[in-house]
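Reckoned from all heavy atoms, side chains included, excluding hydrogens, waters and symmetry mates.
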Amino acid sequence: MCVSETFRAEVRAWLEDNLSGEFAGARGLGGPGREHEAFDVRLAWERHLATAGWTCLGWPEQYGGRGAGVAEQVVFYEEYALADAPARVNHIGENLLGPTVIAFGTDVQRARFLPPIVAAEELWCQGYSEPNAGSDLANVQTRAELDGDRWRITGQKVWTSLAMEADWCFAVCRTEPGSARHHGLSYLLVPMRQDGVEIRPIVQMTGTSEFNEVFFDGAVTDAANIVGAPGDGWRIAMATLGFERGVATLGQQVGFRRELERIIALARQTGAADDPLLRDRLVRSWIGLEVMRLNAVRTMDGIAAGAPGPESSISKLVWGVWHRELGELAMDVLGAAGMVADGAPYDLSDEQRLYLFSRADTIYAGSNEIQRNIIGERVLGLPREARPAR
């Protein structure tokens, strides 16, 4: 048995043994549009994973990871999906902030922030998007001023996933007065549980509130809680997106695979699989998921070499369209039954929730139009799109 198969057997056996007892009911919990589901149970499971050394697999051992290579990480995510294990709650810390601090942080920052992520003792959210900015990440209006040994932050972020559960936020703030666009920005690590931070849930079409508005009204963080130099926030923020759209997509695809397998089973149950057009769409969806997985693996090679390559730029565009189409496919498999709620007042089935939630996939985290501009202009080097005169 080769090393990867030995590792696969180890992962499979551990999951089978541990998704039992107090975690027997955790299988299948969470996922897109259901991030609120049994959060305490899933957090306890995350900490159980950490105790057994199954968090932050790809991190270097010196920072609490296993130093796992690409093959081992892929095997873990595949077996995790096959076991129908619950959706992870530490995704943002483990896959976005952690790799960023490893790559750009100081030794003091690594010692302070990495161990609680490995142990799932501190959860993170991402403070990028703002009102009136659409997908224009550079249009940051949230300000931070250095006041003695602290940054004082004023402004608003929006569409902040799981802010109500987070202990910390990595926020892009404008720290140089008079600066514009991507100049004069800094990447700050801000504690969420303090006076001066207000979180307001945004109720979605699913009836749930994964996203939130976050208001900073004189919130503070230590002067040392800046990653990189003042004014270098744009470069750090773009690197974080590279990590998000590389290794992290393998974890995201855990939930995608579960959703697709459930829809295939439903198609067989309802007879929709006998429709050649629907059967073709199911096959295309399976192929699309495999393409995303292979692209994520390809991206991981670049990250292992020191930085994500240009192939990471297409992942958001690809998975956003794929997931939205999966929601539409789910409704077509259900047929007329998809228009009726499971119960009053607004009890949705998994497929209905998927359809409604996935409408946002091609909009949040950079709309498809913005993604295509980024790929064309910054990756392919094509001429810049014409901008209207101001």
> Contact between Leu96 and Phe170 at the side-chain level, heavy atoms closer than 4.5 Å - yes or no?
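Of all side-chain heavy-atom pairs linking Phe170 with Leu96, at least one is under 4.5 Å.
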
> Atom CD of residue position Gln194 - does it have more than 12 heavy atoms of other residues, nucleotides or ligands inside 6.0 Å?
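Yes, enclosed.
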
> Taking Arg66 for its side chain and Gly53 for its backbone only, find out whether a donor-acceptor pair lies under 3.5 Å.
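Side chain of Arg66 to backbone of Gly53: a pair is present.
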
> Using ring centroids (six-membered ring only for Trp), state whether Tyr128 and Trp159 fall under 6.0 Å.
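When the ring centroids of Trp159 and Tyr128 are compared, they turn out to be at least 6.0 Å apart.
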
> Below 4.0 angstrom, N of the basic side chain to O of the carboxylate: do Asp167 and Arg193 qualify?
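The answer is yes: the pair qualifies as a salt bridge.
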
> Are the side chain of Arg42 and the backbone N or O of Glu37 linked by a donor-acceptor pair below 3.5 Å?
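Yes.
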
> Does the side chain of Cys125 reach to within under 4.5 Å of the side chain of Leu162, using non-hydrogen atoms?
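Sidechains of Leu162 and Cys125: no contact.
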
> Using modelled atom types and a 3.5 Å cut-off, is there a donor and acceptor pairing between side-chain atoms of Asp149 and backbone atoms of Ala223?
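Not confirmed, Asp149 side chain does not pair with Ala223 backbone.
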
> Can you confirm whether the side chains of Thr142 and Arg174 place a donor and an acceptor under 3.5 Å from each other?
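The criterion, which ignores hydrogens and geometry beyond distance, is not satisfied for Arg174 and Thr142.
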
> Minimum heavy-atom separation for Glu328 to Arg359, with atom names?
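Smallest heavy-atom distance, with atoms named: OE2-NH1, 2.8 Å.
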
> I would like to know whether Arg8 and Glu10 meet salt bridge (charged side-chain N to carboxylate O under 4.0 Å, His left out); could you show each step before the answer?
CA-CA 5 Å; Arg8 184 183 295 277; Glu10 177 189 355; over 6 Å; no

> When you compare the side chain of Asp332 with that of Leu278, does any pair of heavy atoms fall below 4.5 Å?
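Of all side-chain heavy-atom pairs linking Asp332 with Leu278, at least one is under 4.5 Å.
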
> Determine whether the aromatic ring centres of residues Tyr80 and Trp54 are separated by less than 6.0 angstrom.
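Judged by ring-centre distance (under 6.0 Å), Trp54 and Tyr80 do not meet the cut-off.
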
> Considering only heavy atoms from C-beta outward, does the side chain of Leu185 approach that of Glu176 to under 4.5 Å?
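No, side chains not in contact.
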
> Has Arg284 got more than 12 heavy atoms of other residues, nucleotides or ligands less than 6.0 Å from its CZ?
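For Arg284, atom CZ is not crowded (no more than 12 foreign heavy atoms under 6.0 Å).
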
> Flag yes if more than 12 heavy atoms outside Glu290 fall under 6.0 Å of its CD atom; otherwise flag no.
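Buried by this count: over 12 neighbours within 6.0 Å.
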
> Short question: side chain of Tyr187, backbone of Gly231 - any donor-acceptor pair under 3.5 Å?
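Answer holds: no.
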
> Look at the side chain of Asn90 and the backbone N and O of Ile117, then say whether any donor-acceptor pair between them is shorter than 3.5 Å.
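Confirmed, Asn90 side chain pairs with Ile117 backbone.
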
> Tell me if a side-chain donor or acceptor on Ser285 pairs with a main-chain N or O of Arg281 at a distance below 3.5 Å.
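Checked: no pair found.
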
> Using a 6.0 Å cut-off, check whether atom CZ of Arg143 has over 12 heavy atoms from anything other than its own residue.
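Counting neighbours around CZ of Arg143, 12 or fewer heavy atoms of other residues, nucleotides or ligands fall under 6.0 Å, so no.
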
> Answer whether the closest heavy-atom distance between the side chains of Asp232 and Arg235 falls below 4.5 Å.
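They are in side-chain contact.
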
> If we check side chain to side chain contact (heavy atoms under 4.5 Å, CB included) with Leu188, which of these qualifies: Val172, Asp222, Ile226?
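Option passing the side chain to side chain contact (heavy atoms under 4.5 Å, CB included) with Leu188: Ile226.
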
> When you look at Thr55 and Glu94, which way does the side chain to side chain contact (heavy atoms under 4.5 Å, CB included) test go after all the steps?
CA-CA 8 Å; Thr55 57; Glu94 178 172 329; 3.8 Å; yes

> Any donor-acceptor pair under 3.5 Å linking the side chain of Glu16 with the backbone of Ala13?
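Judged by distance alone, no pair lies under 3.5 Å.
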
> Measure across Gly127 and Cys169 and return the closest heavy-atom pair with its distance rounded to 0.1 Å.
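Heavy atoms only, the tightest pair is N-SG, 3.4 Å.
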
> Is it the case that the side chain of Thr221 and the backbone of Leu189 share a donor-acceptor pair, with hydrogens and angles ignored and the cut-off at 3.5 Å?
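Checking the backbone N and O of Leu189 against the side chain of Thr221, a donor-acceptor pair under 3.5 Å is found.
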
> Within a radius of less than 6.0 Å around CG of Asp217, do more than 12 heavy atoms belonging to other residues, nucleotides or ligands occur?
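12 or below, so no.
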
> Determine whether more than 12 heavy atoms belonging to other residues, nucleotides or ligands lie under 6.0 Å from atom CZ of Arg27.
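Yes.
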
> Counting N and O atoms only, with roles assigned by atom type, does the side chain of Thr51 sit under 3.5 Å from a partner on the main chain of Arg47, one being a donor and the other an acceptor?
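It does hold such a pair.
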
> With distance as the sole criterion, is a donor-acceptor pair present between the side chains of His48 and Glu22 under 3.5 Å?
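The criterion, which ignores hydrogens and geometry beyond distance, is not satisfied for Glu22 and His48.
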
> When you compare the side chain of Ile375 with that of Ile314, does any pair of heavy atoms fall below 4.5 Å?
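They are in side-chain contact.
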
> Using a distance-only test with no angle check, is there a side-chain donor-acceptor pair under 3.5 angstrom linking Glu130 and Gln156?
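On atom types as modelled, these side chains do not qualify, holding no pair under 3.5 Å.
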
> Which heavy atom of Glu213 sits nearest a heavy atom of Val158, and at what distance?
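Looks like CG-CG2, 3.9 Å.
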
